[in-house]
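Structure first, then comments.
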Amino acid sequence: MRTLVFSLFILTVAAVSANEKLVVCNYEAKAHLRQGQGQFGLHDLDEAIRYCNYLIYGYAAIDDKTFKLVPLNEQFDIMKDNYRLVTDLKRRYPKLKVLLSVGGNDDVTGSGDELNVKYRNILESTTHRLAFVNSAHTLIKGYDFDGLDLAWEFPETKPKKIKTGLKKAWNSFKSVFAGEHVVDANAEQHKEQFTALVKELKAAFRPDNLKLSLTVLPNVNSTVYYDPRNLAPHLDFIALHAFDFYTPHRNEHLADFPSPVYELIDRRVDENVDAWVKYWLNNGAPANKLVLGIPTYGRTWHLQGEAKIDEFPITDLEGPGEPGPLTKEAGLLSYPEICTKVTTRTTTPGGLTKISDGTKRRGVYAYRYPDKDDKGGVWIGYEDPETAAIKAQYVKNKGLGGIAIDDLTLDDFRGVCNNNKFAILKAAVAAM
Ligand SMILES: *[C@@H]1O[C@H](CO)[C@@H](O)[C@H](O)[C@H]1NC(C)=O
């Protein structure tokens, strides 16, 4: 009996190492600015890091005059030494790779059609690309990062408009003539030029064995901007941030599941995890290089008394929900800000009613109707340890490379939900 148990143990260990999955952990450095229990310091990383193969430092920026890679927050990143302190973690965790990420929607310039136009301008000239490549190499080496992650700020797709009845017919009639508003007239060139940039970066990085990865940001249309077959050979992994399909900023009056695994009835066919994965697989990316992004937060809308919460998409909402006590950002709540309010008894004042996902396709949501003064109503589509595990299971079933947690600072890093620090990260890792 003892030998049997022992050999089973050996077999289990062997099986685990044979299908080793990547765990990419995003870290938003700006989380040190949050107050009180929301403040995320370097020591808070400790509990998470032993689960992570990669730590992604968010974010660096592009200088729009020189096209060089530069720190986004010189004061904190350089003067206060945060770059150095983070890469020093490798002394304690020798297997950890730390990448610096550029973009990630944090590096914002301009507005309207000019929003982040530098991310397209830089691609258009080999001189600009060279300035970027050389400066990236210098910055990465200078602070002992293991490589660069490209969370490239290509323009987002326009949010879907809800059309009903006559308006629907009129709109489809109109779009035949007017066409949809074109976000980027040179998208085709930008796609080719981005592939060129990736090749140039990899060539510069190769002698030092530096890593290069791509993060596909939410609502950036891969079909338009990314060429999987020609990108994949030069990238160590591709993180698909297939979430935020609906946000209160994109869809003020309409709410829906922010990141369903599979297509839901009557939604746009490419607004789900599975559609993103299929695009990359069907166009030549190897499955083991794809890592699936899992958010650690919820998107919130201000719910009115009359709104129906069981018919999707939910209409008649009033924009972003109130900022949370820790994150203080309208329309967003971190997982611990949600879990501490969820209750099974709807009578608890201020409590949220949670509706689980029996289908395992769409995600969870929670809500609270407003009081008689029309205050405090909220609808939240979010991720919890259960749905994170469902996504990790999907990764396993499809033979994908792993997961990317976005991000550690919004997970339950103090263990306030269930006395279990980083519950989302851990649940996802366990399910692979
Ligand atoms: C992405 O681009 C393709 C090709 O232009 C288009 O068919 C598809 O509808 C776009 N997806 C979204 C979400 O805009």
Side-chain angles (χ1 to χ4, degrees), residues 103-105 112-113 115-117 119-120 123 150-164 167-195 198 214-232 238-285 290 292-295 299 312-315 361-363 381 391 394 406:
N105 289 335
D113 285 353
L115 181 68
N116 303 329
V117 72
Y119 281 81
R120 283 160 274 158
L123 300 175
L150 301 164
W152 210 254
E153 295 185 4
F154 279 123
E156 291 186 358
T157 58
K158 294 281 165 201
K160 186 186 180 184
K161 294 252 172 7
I162 252 296
K163 297 160 191 168
T164 46
K167 212 168 153 204
K168 191 176 201 165
W170 169 243
N171 271 306
S172 53
F173 170 77
K174 241 187 3 185
S175 64
V176 170
F177 291 93
E180 294 215 332
H181 172 68
V182 178
V183 186
D184 178 2
N186 300 319
E188 195 55 43
Q189 285 95 305
H190 290 147
K191 187 181 192 174
E192 282 169 25
Q193 291 156 349
F194 184 78
T195 307
V198 165
L214 169 65
T215 291
V216 180
L217 291 175
N219 298 305
V220 169
N221 191 333
S222 290
T223 316
V224 175
Y225 287 112
Y226 295 123
D227 173 357
R229 185 166 285 107
N230 289 311
L231 286 172
I238 298 147
L240 302 179
H241 282 194
F243 45 78
D244 282 352
F245 294 113
Y246 289 81
T247 73
H249 302 285
R250 288 172 59 81
N251 316 86
E252 278 196 279
H253 303 292
L254 178 155
D256 209 332
F257 295 99
S259 71
V261 180
Y262 290 102
E263 188 181 335
L264 305 176
I265 295 164
D266 233 14
R267 315 308 204 276
R268 201 141 73 172
V269 289
D270 43 11
E271 290 177 333
N272 58 77
V273 165
D274 193 49
W276 276 43
V277 170
K278 279 193 178 130
Y279 171 76
W280 283 85
L281 289 178
N282 293 345
N283 290 282
L290 298 181
L292 180 60
I294 299 179
R299 292 296 181 184
F312 293 98
I314 304 169
T315 51
R361 297 171 68 89
R362 58 182 204 186
K391 288 187 173 173
Y394 174 92
D406 192 49

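Both ligands and their constituent atoms are indexed starting at 1 by order of listing. Numbers for residues simply follow the sequence, beginning at 1.
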Ligand-side contact atoms (ligand 1) for residue partner N221, heavy atom cut-off under 4.0 Å: 1 (C), 2 (O), 3 (C), 8 (C), 10 (C), 11 (N), 12 (C), 14 (O)
For I265 against R267, the heavy-atom pair lying closest together: O-NH1, 2.6 Å
Contact (N/O only, under 3.5 Å) between T157 and ligand 1: no
Numbered atoms and elements of ligand 1 in range of V224, under 4.0 angstrom, heavy atoms: 2 (O)
Ring centroid separation Y226 to F154 under 6.0 Å: yes
Under 3.5 Å side-chain donor-acceptor pair for W276 and S222: no
Heavy atom of the protein closest to atom 4 (C) of ligand 1 (residue, atom name, distance): T223 CG2, 3.8 Å
Name of the residue among F243, F312, Y246 meeting ring-ring contact (aromatic ring centres under 6.0 Å, His included) with F257: F312
Protein heavy atom at shortest distance from atom 8 (C) of ligand 1: D270 OD2, 3.5 Å
Location of contacts on R268 toward ligand 1, heavy atoms closer than 4.0 Å: side chain
Near-ring test F194/Y225, centroid separation under 6.0 angstrom: no
